[in-house]
Trainee: 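Mind having a look at this structure? Questions to follow.
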Amino acid sequence: MKEFMKAYDFKKIEKKWRERWLQDRLYEPDLDNPKKPFYNLMMFPYPSAEGLHIGGVRTFTGVDIYGRFKRMQGHDVFQPMGLDGFGINSENYAIKIGEHPKKLALRTEENFYRQLHEIGNAFAWDEKLETYDPEYYRWTQWLFIQLFKAGLAYRKKASVNWCPKCLTVLANEQVIAGKCERCGTEVIQKELEQWFFKITKYAGRLLDGLDHIDWDGRITTAQRNWIGKSEGALITFPLTGIPGQEDGKHSVDVFTTRPDTLFGTTFLVISPETAKFWLDIGWQAPDEVRAYITKSLGGKEEERLALGKEKTGVFSGIYAINPATDKQIPVWVADYVLGGYGTGAIMAVPAHDERDFEFAKKFELPIALVIEPETGKIMPDEQHRRSIVAIVEDPKHKKFLTLNWGSKLGGTLFIGGGREEGEDEVATALREIQEETGYTQLEFVAKSELMHHHYFAFSKNVARNIEVTSLYFRLKGDERVEENLQHDEKGNFTIEWLTKDEVLQKMEDENHLLGFRRLVLGEIYSGDGILTNSGEFDGMSSREAKWKITEKVKGKQQTNYRLRDWLISRQRYWGPPIPMIWCDSCKEWISEKEENLPVLLPDVKEFRPTGTDKAPLANFPEFYETTCPKCGGKARRETDVSDTFLDSAWYYLRYLDPSNKKEFVSESRARTWAPVHSYIGGAEHSVLHLLYVRFVSMALHDLGFVDFAKESGGEPIKQFRAHGLITKDGAKMSKSRGNVINPDDYLRVYGADALRMYLAFMAPLTEGGDFQDTGIRGMVRFLSRVWDFKECVIDGESDEIAERAIAKAIKKVSEDMESLQFNTAISALMICLNTFEEGGRIVGKKDLKDFLKLLAPLAPHVADELFEMLGEKDSIHKSMWPTYDEALTHDVSVKLVIQVNGKMREIIEVAATITEQEMKERALSSEQIKKYINGQEPKNIIIVGNKLVNIVL
RNA sequence: GCUGGGGUGGCGGAAUGGCAGACGCUCUAGCCUUAGGAGCUAGUGGGAGAAAUCCCGUGGGAGUUCAAGUCUCCCCCCCAGCACCA
């Protein structure tokens, strides 16, 4: 990288101030007695060997800018930093370079802390922590034990995700589209006994809590999706035809969100997992059924769930009784039904569920229609009335008539049809309308342009003076619809002209014609509607029928969640050993005594994963051989370690008191500082870390270990914002692309202040941006101009223009800092400096100092240096954020925009105090405007504030 | 497919319904300089014109409004999350 102009020696200055800040302990708040605590948290990085990523630098400095702003507003800002050093990422790299993870960690730690120091952030270094420090993970283990004692940690054998490359099990949250979140390898299913956290117990609270916290919408949406709440019913189907079993002795429960379609249930489907369970308890299934079960359970999850895969299944030989119809229906086994959700069995309603329909078609199972779509309904609000208002279906002929009308102008007019050759008919209709109405601007839109709809359309651009308020006509001349439609003696289309009310009436009348063309076409209707073929429930709406039918068949209302329990154990080395002990005599799992924590991770040579379902520690008897904490007999330690996401699920609490040997957190500090006021990090953690951290906090809250955020049930973080992604030349940075930015290079050449400014200027923090070398030079220029400007100030007062410029800047920067819009804050500073530098401006020292204060969060080193050069003794970061006089933010003279018919025609400079009357006069007397008015009498003159006059002719 | 978030110059991005493109980068011309990879000045959405000035422009189509990047409806495209969850 080339050297670049610089007005000052940033290397010297930046070093000087960083040292002084540390020496003065400027960024260490009083954790016990803060006046206005503000916990400014950023996601701690995992220390990769490559060092800090430029995206990390941007986020950290962005958070720092916000924190420095808050500090100058009088808050006691706590901004700690640490390293999330445990985990597979670090371990894999250690394996790759053949170095022990612990040794590697110490090396990368040093490099990371150096870089974090050099970006000039106001970190509270006294409270730094590393998750691999035994003093830290002792409490991670302690946390595990508390959850175990509370029944929130348990062991079970289950089909779990296994990454064949990372050689460990994974939590559901770590499987992205069937692939390992870390390495992208396809995940397979293994039947293993593992440790789980009962996060599902908190599903409802995790969902409801989202309404009480101020979090980025992307995250709350992702979490809502992930938790996946469904409200439905549990319905019991008695079974018949089981060999050797009395009819009705056994039954199967299904979960459905559509009990209103129960009358349409023509078969049941159970998952292979459920079928396997039945086999295990003695079901004598036919051979082909056994074969199918074995086959589908052996396959990869990915293959089984592949979209578009043809459905497979087999008839079980068993029947069930539909409790609504009392009819006997077959029970099938098919792998499109998931074992892990609901009851592992479904009621199939082929007429109203796409998957069931597909299955029924393939195996020729009966289909019963029980829901009629509610069509022809007029949408209530005025805006909707102006576009499409109805799609009316013709039951017998699979036709749509789509109606549309709008305002007095008529809007868009649609005409129904259902086949390509109908275009001729439309053309005829078009011609007729043109003849009848004289509208020549009717536009024909071909069917192919209306991808998803089986209708043709015109848009009508009619003249404004037409009085017709609505149009209605029908397509004629198609023998398939002939019988329902009138036509004239020539057999052509008849066009009926109706008022809006008449159209409404007609549509009401036609509702009885609505039907089910979709079934025949291979489409099904899965929405809500009106019940039919459902006995006493006919004519009822779906919504109403749902619970009435559930009640009738003695079903039970139930809420299901898609969220699964958090699989916490990992068959790896570089993590906290799970502090559990299996005692052969007691025949149970017992937690390690708390006074024996931490269970130290031994320094073993062979730390690589074994590739079996046993962790590396299982090869070290000196580790796992122990005594039972209960009976004192011989016992065996758990050799798995816990998921790295457990380490990060509570670190914000440990920061408050990282050297506490008695408690995992000081309770009083937690009450003072939590919930975290502001948290900023990556959106990629939306259903990983950010869900776990909430769960753990809620559990700690319920167990009485922390005592904050009672009103939200223990939500740990008030505000969360996700930062954007930085690209280089439009592409994601990656080693393989060779477009990775190393922050060190830029720190060396341009300095921390310029780099910080540039990263902040790129885009709002919550959005991404593209890193450009040239962009950073703009920041160097700007800072150099600020540097040089110190020579230009006087001891006295600024002139009025300069005074107004700084007042405006203070206002704008204050607002933008709060909303993390650092890009526009910097822009406001540039505008202010541009004004200061104008020829003839007089700028007082005081105003330059205020300017430096605005700059201080962004470029903390040079701001402090200049502040000192202007005679200040104390650091600028201890000073109070400047205030401004609102009156000064308004200009004395303003630019008045004069429009004619909404088009800008002239701008004149007027006094800000101008009255409406004067504005009108000035506008009408302008020579330029007179040209446009051309002697006409204005119909209307619109005046907006003191900035705009619009003359309407 | 579902749920969010987007689509504005050559680029990053600005715009409480009221001058679209702030601020910066890039580029062009000129100045300064032994030199320029520094700095300074001016210009930089497209089209027409010698110029004043005019026309067109915020993914596409309609609508509301005196006035739409902004509000409403339909469509297209991109990004993220979920995805056979009954």
Side-chain angles (χ1 to χ4, degrees), chain A residues 2-6 176-177 217-226 228 230 232 254-258 261 269 304-309 311 334-338 340-342 345-349 353-356 358-359 381-384 386-388 406-407 409 411-412 443 445 449-453 457 459-461 560-562 683-684 686-687 725 730 758 761-764 767-779 781-782 784 821 823-824 826-831 834 895-899 901-904 906-907 928 939-942 944-945 947-948 950-953:
Chain A
K2 298 283 181 354
E3 283 291 316
F4 194 66
M5 181 290 305
K6 49 185 186 262
I176 313 287
R218 285 173 279 181
I219 310 299
T220 51
T221 316
Q223 293 206 358
R224 281 195 185 93
N225 280 341
W226 187 259
S230 315
V254 304
F255 174 73
T256 176
T257 54
R258 293 298 301 275
T261 62
V269 189
R304 172 170 166 188
L305 299 183
L307 254 179
K309 186 198 104 172
K311 293 212 168 10
D335 68 2
Y336 81 93
V337 174
L338 303 174
Y341 183 77
I346 60 146
M347 55 179 240
V349 186
D353 181 282
E354 228 155 287
R355 299 153 298 181
D356 300 342
E358 203 187 308
F359 193 77
D381 90 276
E382 191 58 26
Q383 188 57 49
H384 282 99
R386 292 196 166 123
S387 60
I388 295 177
S407 64
L409 300 183
T412 304
E443 189 189 345
V445 181
E449 293 176 53
L450 294 163
M451 305 269 293
H452 303 298
H453 301 281
S459 76
K460 192 162 67 73
N461 258 328
N560 265 12
Y561 296 94
R562 211 169 49 199
E684 69 275 15
S686 47
V687 293
L725 197 76
Y758 175 62
F761 186 64
M762 242 168 24
E767 279 160 46
D770 199 58
F771 192 94
Q772 290 166 6
D773 284 21
T774 50
I776 193 169
R777 315 224 301 223
M779 294 302 134
R781 271 180 211 138
F782 172 72
S784 303
Q821 315 269 130
N823 55 335
T824 46
I826 291 172
S827 156
L829 287 174
M830 289 171 164
I831 291 167
N834 288 348
K895 286 184 174 126
L896 180 65
V897 173
I898 305 173
Q899 297 181 332
N901 282 337
K903 288 205 168 188
M904 199 276 287
E906 198 182 12
I907 298 175
Q928 173 77 4
K939 282 207 191 80
N940 197 3
I941 297 180
I942 313 271
V944 183
K947 54 187 173 187
L948 184 135
N950 186 12
I951 300 162
V952 186
L953 295 177

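Throughout, protein chains are lettered first and strands after them, A, B, ... in sequence-line order, and every chain is numbered starting at 1. Quantities reported herein were computed from a predicted structural model and do not represent experimental measurements.
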Trainee: Quick check for you: among B/A38, B/A86, B/C25, whose closest atom lies nearest to any side-chain atom of A/Arg777?
Mentor: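 Nearest to the side-chain atoms of A/Arg777, counting from C-beta on, is B/A38.
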
Trainee: What does nucleotides 11-17 of chain B look like as a protein-contact string, B for base, S for sugar-phosphate only, - for none, at under 4.0 angstrom between heavy atoms?
Mentor: SBSS-B-

Trainee: Treating A/Asp353 as the side-chain partner and A/Ala348 as the backbone partner, does any N or O pair qualify as donor plus acceptor under 3.5 Å?
Mentor: no

Trainee: Between A/Ile346 and A/Val254, which heavy-atom pair has the shortest distance, and what is it?
Mentor: C-CG1, 3.7 Å

Trainee: Shortest non-hydrogen contact from A/Asn560 to A/Gly342?
Mentor: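 Nearest heavy atoms, A/Asn560 then A/Gly342: ND2-CA, 3.2 Å.
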
Trainee: Does the side chain of A/Arg224 get closer than 4.0 angstrom to OP1 or OP2 of B/C82 through an N or O atom?
Mentor: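 Looking at the OP1 and OP2 atoms of B/C82, neither is under 4.0 Å from any side-chain N or O of A/Arg224.
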
Trainee: Taking ring-ring contact (aromatic ring centres under 6.0 Å, His included) as the test, write out the residues that go with A/Tyr758, two or more places apart.
Mentor: A/Phe771

Trainee: Taking B/C78 as the reference, what is the distance to B/U8 when you measure between their P atoms (whole Å, please)?
Mentor: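 Each nucleotide's P atom is 14 Å from the other's.
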
Trainee: By side chain to side chain contact (heavy atoms under 4.5 Å, CB included), which residues pair with A/Thr256, not counting sequence neighbours?
Mentor: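 Testing A/Thr256 for side chain to side chain contact (heavy atoms under 4.5 Å, CB included), a comparison that skips the adjacent residues, returns A/Ile235, A/Arg258, A/Pro259, A/Met347.
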
Trainee: Which sits closer to the 5' end of RNA chain B, A/Tyr561 or A/Ile831, going by the nucleotide each is nearest to?
Mentor: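 The residue mapped nearer the 5' terminus is A/Ile831.
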
Trainee: Using the P atom as the reference point in each nucleotide, state the distance between B/C31 and B/G57 in Å, no decimals.
Mentor: 40 Å

Trainee: I'd like the P distance from B/U28 over to B/G46, given in whole Å.
Mentor: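 To the nearest whole Å, 15 Å.
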
Trainee: Take atom C1' in B/G43 and the same atom in B/A62, then report the distance between them in whole Å.
Mentor: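 Here B/G43 and B/A62 have their C1' atoms 40 Å from each other.
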
Trainee: Among B/C23, B/C84, B/G18, which is the nearest nucleotide to the side chain of A/Leu338?
Mentor: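 When the side chain of A/Leu338 is considered, B/C84 is the closest of B/C23, B/C84, B/G18.
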
Trainee: Sort out the partner of B/G81 for me: Watson-Crick or G-U wobble, both distances under 3.5 Å, none otherwise.
Mentor: B/C2

Trainee: Counting any heavy atom closer than 4.0 Å, what does A/Asn834 reach on the DNA or RNA strands: base, sugar-phosphate only, or nothing?
Mentor: sugar-phosphate

Trainee: To the nearest 0.5 Å, tell me how far A/Ile219 CD1 sits from A/Glu684 CD.
Mentor: 8.5 Å

Trainee: If B/C54 has a Watson-Crick or G-U wobble mate with both distances under 3.5 Å, name it; if not, just say none.
Mentor: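 B/G47 - that is the nucleotide pairing with B/C54, both distances being under 3.5 Å.
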
Trainee: If the condition is side chain to side chain contact (heavy atoms under 4.5 Å, CB included), which residues does A/Lys311 pass it with, not counting sequence neighbours?
Mentor: A/Tyr336, A/Arg355, A/Glu358, A/Phe359

Trainee: Taking only side-chain N and O atoms of A/Tyr336, does any of them lie within less than 4.0 angstrom of OP1 or OP2 on B/A86?
Mentor: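 It does not, given that no N or O in the side chain of A/Tyr336 lies less than 4.0 Å from OP1 or OP2 of B/A86.
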
Trainee: Run through A/Asn950, A/Val952, A/Ile951 and flag the one making a side-chain contact (heavy atoms from CB on, under 4.5 Å) with A/Asn940.
Mentor: A/Val952

Trainee: Considering only side-chain heavy atoms of A/Ile346, which listed nucleotide, B/A86, B/G24, B/C82, is closest?
Mentor: B/A86

Trainee: Determine the interatomic distance between P on B/A14 and the same-named atom on B/C71; round to the nearest Å.
Mentor: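 Looking at atom P only, B/A14 and B/C71 are 16 Å apart.
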
Trainee: Counting heavy atoms from C-beta on, name the nucleotide in B/A83, B/G18, B/C25 closest to the side chain of A/Arg781.
Mentor: B/C25

Trainee: Rounded at 0.5 Å granularity, tell me how far NZ in A/Lys939 sits from CG in A/Asn901.
Mentor: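 CG of A/Asn901 is found 8.0 Å from NZ of A/Lys939.
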
Trainee: For B/G39, which nucleotide in any strand shown is its Watson-Crick or wobble partner with both distances under 3.5 Å?
Mentor: B/C31

Trainee: Return the value, rounded to whole Å, for the distance between atom CZ of A/Phe782 and atom C1' of B/A22.
Mentor: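 Rounding to the nearest Å, CZ of A/Phe782 and C1' of B/A22 are 15 Å apart.
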
Trainee: Picking from B/C56, B/C66, B/A86, which would you name as closest to the side chain of A/Lys903?
Mentor: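 Nearest to the side-chain atoms of A/Lys903, counting from C-beta on, is B/C56.
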
Trainee: Check nucleotides 2-7 of chain B for protein N or O atoms closer than 3.5 Å to its own N or O atoms and list the pairs.
Mentor:
none

Trainee: Enter the distance from A/Leu948:CG to A/Leu896:CG here, rounded to the nearest 0.5 Å.
Mentor: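 It is 7.5 Å, given to the nearest 0.5 Å.
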
Trainee: Within 90° of 0 counts as syn, otherwise anti: where does B/G9 fall?
Mentor: syn

Trainee: What integer distance in Å separates A/Lys939:NZ from B/C66:P?
Mentor: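 For the pair A/Lys939 NZ and B/C66 P, the rounded distance is 11 Å.
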
Trainee: Nearest 0.5 Å, please: how far is CZ in A/Phe761 from CD1 in A/Ile826?
Mentor: 6.5 Å

Trainee: I need the CG-P distance between A/Asp773 and B/C25, as an integer number of Å.
Mentor: 14 Å

Trainee: When only distance counts, do a donor and an acceptor, one from the side chain of A/Lys311 and one from the base of B/C84, lie under 3.5 Å apart?
Mentor: yes

Trainee: Rounded to whole Å, how long is the line connecting atom CD1 of A/Ile941 with atom C1' of B/C66?
Mentor: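 From A/Ile941 CD1 to B/C66 C1': 11 Å.
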
Trainee: Can you check the distance between B/C11 and B/U26, where both ends of the measurement are the C1' atom (answer in whole Å)?
Mentor: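 Each nucleotide's C1' atom is 7 Å from the other's.
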
Trainee: Give, for atom CD of A/Glu767 and atom CD of A/Gln821, the distance between the pair rounded to the nearest 0.5 Å.
Mentor: 7.5 Å

Trainee: Can you tell me, in whole Å, how much space there is between the C1' of B/G36 and that of B/C40?
Mentor: 14 Å

Trainee: Categorize A/Gln928 for me: base, sugar-phosphate, or nothing, with a 4.0 angstrom heavy-atom threshold over every strand shown.
Mentor: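 It contacts sugar-phosphate atoms only.
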
Trainee: Between A/Ile898 (CD1) and B/A67 (C1'), how many Å, whole number?
Mentor: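 So the CD1-C1' distance, A/Ile898 to B/A67, works out to 16 Å.
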
Trainee: On a whole-Å scale, what distance lies between the C1' atoms belonging to B/G45 and B/C84?
Mentor: 49 Å

Trainee: Compare every heavy atom of A/Ala334 with every heavy atom of A/Val269, then report the nearest pair and how far apart it is.
Mentor: CG1-CB, 3.5 Å

Trainee: Pick out the pairs of N or O atoms, protein on one side and nucleotides 19-21 of chain B on the other, that lie under 3.5 Å.
Mentor:
none

Trainee: Pairing check on B/A67: which nucleotide meets the Watson-Crick or G-U wobble criteria with it, both distances under 3.5 Å?
Mentor: none

Trainee: Using the rule side-chain contact (heavy atoms from CB on, under 4.5 Å), only one of A/Arg224, A/Gln223, A/Arg218 pairs with A/Thr220; which is it?
Mentor: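 One option only clears the test, and that one is A/Arg224.
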
